[in-house]
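Below is one structure, written out as structure tokens; comments come after it.
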Amino acid sequence: MTQTGAEPILEAVGLEVGYGHLPVLKGLSVAVRPGEIVALLGANGAGKTTTLMALSGVLTPISGSVRLDGRPAPEGLHRRADAGVALICEDRSVFMGLTCRENLRLGRGGVQESLALMPELEPLLDRKVGLMSGGEQQMLTLARALAGSPKVLLADELTLGLAPLIVARLLTSLRAAADRGVGVLIVEERVQRALQIADRVCVLRRGEIVIEGTAAEMGSRLAEIEASYLSAAADEPGATIGGHGS
Ligand SMILES: Nc1ncnc2c1ncn2[C@@H]1O[C@H](COP(=O)(O)OP(=O)(O)OP(=O)(O)O)[C@@H](O)[C@H]1O
């Protein structure tokens, strides 16, 4: 359960991050507290993945800072992971030619720790990951990340394209992690799913957070959220509106 009033585990303060000279994030600040699930929403190109890349240490900010447990976070993906920041990328980062067991061994936790979190993987342990379904691969990815006992989990589009039963299983696992005190930050393009999962929601538009509040508050601000997606789409012909479907 969210530890209301707790200090953030992971916090971005005034982040300016970009590729080359052009900043994509323009002074973005966001915080994740122990036991809460925060969803980053926004149209295509709003800067959601870039935010996760900066928080996980893949991208170095032009200015601003990332703080972990109230102190400057160590630089770089591996050092930040050692300090307790787990990242699940959109591509799942599994090795298709290795078995489920071998993939789990590559994580920071062990195979048994992963199975304790996701017992459904047990009958699949000796199967090549390339032969597992997308949902099974994502269960592996989530179990492997959580088995390492991270302080914070960052996950990009965890449930994209998966069947409803698998989605429900993954969300149950995320909530259980939060209940154990893990801070969770997910990138989610679909508004309804974000409201279903998260305690708190931040809507990004062109690298800035334009709407922020509890999921309960956001239920009455759907029109405002939709307008922010629509204005992003109007600004950038390539941008699309995240569906309201779950
Ligand atoms: N490697 C890169 N090099 C240059 N520009 C990039 C790179 N990655 C992302 N961008 C640009 O940064 C902006 C934000 O991209 P980002 O992927 O963070 O958005 P997003 O909100 O996650 O979008 P999506 O929902 O489509 O994944 C976009 O304009 C994108 O084109």
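Order of appearance sets the numbers: ligands from 1, and atoms from 1 within every ligand.
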Numbering as shown, the atoms of ligand 1 that approach A43 to under 4.0 Å (heavy-atom distance): 21 (O)

Close side-chain approach of P8 and R67, heavy atoms under 4.5 Å: no

Nearest heavy-atom neighbours spanning N103 and F95: OD1-N, 2.8 Å

Shortest non-hydrogen separation from E36 to R200 and the atoms involved: OE2-NH2, 2.9 Å

Greater than 12 external heavy atoms within 6.0 Å of K128's NZ: no

Polar proximity ligand 1 side, G45 side, N/O cut 3.5 Å exclusive: yes

Least distance between heavy atoms, A54 atom then R80 atom: O-NH1, 2.9 Å

N or O contact, E90 vs ligand 1, cut-off under 3.5 Å: no

Ligand 1 contact on T49 by region, counting heavy-atom pairs under 4.0 Å: both

Ligand 1 contact by G42, heavy-atom criterion under 4.0 angstrom: no

Contact atoms of ligand 1, heavy-atom distance to T50 under 4.0 Å: 14 (C), 15 (O), 16 (P), 18 (O)

